[in-house]
Amino acid sequence: MTSTDTASLFLHPDRNLALELVRATEAAAIRAVPYIGRGDKLAADGAAVDAMRAFLGTVNFDGVVVIGEGEKDEAPMLFNGEHVGNGRGPACDIAVDPIDGTSLTAAGRQNALSVIAVSDRGTMLDASSVFYMDKIVTGPEGIGVVDIRKPIGENIRALAKAKGKEVGDITVAVLDRPRHAQLIEEIRAAGAGTRLMLDGDVAGGINAARYETRIDMCAGIGGSPEGIVTACAVKAIGGLIQGIMAPKDDVERQKGIDAGLKMDYVYESHELVNSDNTFFVATGVTDGGLVDGVRRMGPIIRTSSVVLRSKSGTIRRITADHLAAKWLEE
């Protein structure tokens with residue numbers, strides 16, 4: 001192998017990286033298990049963060065955390081700008097969410113995930129200065145058909161036509177928040193149904209983009225970190241995602257402008273993540289529609305993960321059995 005060949009290996013994340021990253025999400029999910037249903041979301045997040053950071057330190061890549069989770073809730077986090085990996089290998093942007101759904105975990109509810117998204121260095125939008133984003137996500141049928149600037153009813157009718165479905169058969173996932181009362185009313189007035197999510201809009205967005213689920217669209221205001229993570233996944237699936245920054249007040253709006261973010265502007269998928277080589281890795285903490293949660297089976301701890309890669313357009317599901325004794329010793 002020539003020096004030129006060797007250098008080319010470090011320009012982009014390669015296929016082996018995803019299998020390395022899944023070890024980090026598995027570790028975070030396993031470490032969060034003792035806190036499921038215990039009512040302490042910060043303790044759950046702290047355990048997951050520590051485990052994820054430790055495993056990321058062994059991975060052959062030079063990662064910079066562009067999107068870290070936790071600031072808006074003053075939760076523990078892998079902070080923005082933190083370098084992760086062993087420094088050898090491809091230079092990457094990384095978005096981490098050790099637990100997407102800390103409240104779900106604390107309450108013992110479904111759809112909590114441990115998540116990592118990766119793209120080439122310098123391609124991931126740093127939206128950390130504005131905590132919330134208005135998003136819309138669909139499968140490939142929504143491309144060129146659905147537009148976040150249009151009324152939700154119009155989008156629902158257009159998507160139904162594109163998918164060859166009746167409007168009454170369309171289901172829209174929305175975070176169950178007071179801010180979405182009007183949106184939910186408009187969805188139902190259009191004749192579609194809603195799937196109200198308590199938390200965890202990453203899973204909601206991905207399920208909207210996947211062809212085999214009962215969710216056709218995910219809409220509404222959720223976390224901007226989750227928007228970037230979801231974009232990495234949606235690019236691998238080939239779906240549609242659009243986002244508009246949703247600052248909570250004028251101070252945050254100005255903070256976002258100062259950081260270079262565009263307000264009242266529709267970010268398309270290639271602007272959220274400007275790379276055709278993205279990875280999305282998630283391990284279930286609790287059971288959900290995307291993956292099963294961690295399960296203790298006698299001497300075994302079983303994890304279920306999903307790995308999406310946009311360059312190859314593949315979705316891989318990984319079930320791993322871990323000797324419980326190895327984790328109890330640590």
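We count residues from 1, following the sequence as given. Both backbone and side-chain heavy atoms feed into the values below; hydrogens, waters and symmetry mates do not.
A donor-acceptor pair under 3.5 Å is formed between the side chain of Thr105 and the backbone N or O of Gly101. A donor-acceptor contact shorter than 3.5 Å is absent between the side chain of Asp93 and the backbone of Val66. Glu186 contributes no side-chain N or O that, together with a main-chain N or O of Leu183, makes up a donor-acceptor pair within less than 3.5 Å. Proximity of a side-chain donor or acceptor of Arg121 to a complementary backbone N or O of Cys92 within less than 3.5 Å is detected. Here the side chain of Thr286 pairs a donor or acceptor atom with the backbone of Asn111 at under 3.5 angstrom. Between the side chain of Thr230 and the main chain of Glu226, a donor-acceptor pair closer than 3.5 Å is present.
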Which donor-acceptor pairs under 3.5 Å do side chains of residues 139-153 form with protein atoms, sequence neighbours excluded?
unit_1, atom_1, unit_2, atom_2, d
Asp147, OD1, Arg149, N, 2.9
Asp147, OD1, Arg149, NE, 2.8
Asp147, OD2, Arg149, NE, 3.4
Asp147, OD2, Arg149, NH2, 2.9

Cut-off 3.5 Å, no hydrogens considered: what does the side-chain donor-acceptor table look like for residues 191-198, sequence neighbours left out?
unit_1, atom_1, unit_2, atom_2, d
Thr194, OG1, Arg188, NE, 3.3
Thr194, OG1, Arg188, NH2, 2.9

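Contact of the Ile99 side chain with the Leu113 side chain is not registered, since no non-hydrogen atoms from C-beta on lie closer than 4.5 Å. Contact check for Asn155 versus Ile136: side-chain heavy atoms found under the 4.5 Å cut-off. No side-chain heavy atom of Asp45 sits under 4.5 Å from any side-chain heavy atom of Lys41. For the pair Asn277 and Phe279, the minimum side-chain heavy-atom distance is below 4.5 Å. For the pair Leu19 and Leu17, the minimum side-chain heavy-atom distance is 4.5 Å or more. At least one side-chain heavy atom of Leu261 sits less than 4.5 Å from a side-chain heavy atom of Val130. The shortest side-chain heavy-atom distance between Ile221 and Met133 does not fall under the 4.5 Å cut-off.
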Test log, rule side-chain contact (heavy atoms from CB on, under 4.5 Å), inputs Lys235 and Ser119: CA-CA 11 Å; Lys235 286 175 77 75; Ser119 65; over 6 Å; no
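Taking Ser304 as the reference, nothing meets the side chain to side chain donor-acceptor pair (under 3.5 Å) condition, with sequence neighbours excluded. By the side chain to side chain donor-acceptor pair (under 3.5 Å) test, Asp176 pairs with no residue at all, sequence neighbours left out. In terms of the side-chain contact (heavy atoms from CB on, under 4.5 Å) criterion, residue partners of Ala231 (sequence neighbours excluded) are, by chain and number, Ile241, Leu272, Val273. With sequence neighbours left out, His322 forms a side chain to side chain donor-acceptor pair (under 3.5 Å) with Thr303. Contacts of Arg302 classified as salt bridge (Lys or Arg N to Asp or Glu O under 4.0 Å), with partners at least two apart in sequence or in another chain: Asp321. The salt bridge (Lys or Arg N to Asp or Glu O under 4.0 Å) check on Asp169 picks up nothing, with sequence neighbours excluded. For Ala233, the side-chain contact (heavy atoms from CB on, under 4.5 Å) test picks out Ile206, Phe280, Leu308, with sequence neighbours left out. For Arg317, the side-chain contact (heavy atoms from CB on, under 4.5 Å) partners two or more places apart in sequence, or in a different chain, are Arg210, Glu212, Val291, Val306. Every residue meeting the salt bridge (Lys or Arg N to Asp or Glu O under 4.0 Å) condition with Lys135, not counting sequence neighbours, appears here in chain and number order: Asp201.
For the residue pair Asp120 / Ser275, a side-chain donor-acceptor distance below 3.5 Å is found, with atom types taken as modelled. A donor-acceptor pair shorter than 3.5 Å can be found between the side chains of Thr283 and Ser305.
A side chain to side chain contact (heavy atoms under 4.5 Å, CB included) with Ile156 holds for exactly one of Val172, Asp216, Thr171; it is Val172.
One finds no salt bridge joining Asp50 and Arg31 here, because no Lys/Arg side-chain nitrogen approaches an Asp/Glu carboxylate oxygen to under 4.0 Å. Asp199 has no carboxylate O lying under 4.0 Å from a charged side-chain N of Arg109, or vice versa, which leaves the two without a salt bridge.
Among pairs with a residue in residues 244-263, those fulfilling salt bridge (charged side-chain N to carboxylate O under 4.0 Å, His left out) read Lys248-Glu252, Arg253-Asp264, at least two apart in sequence or across chains.
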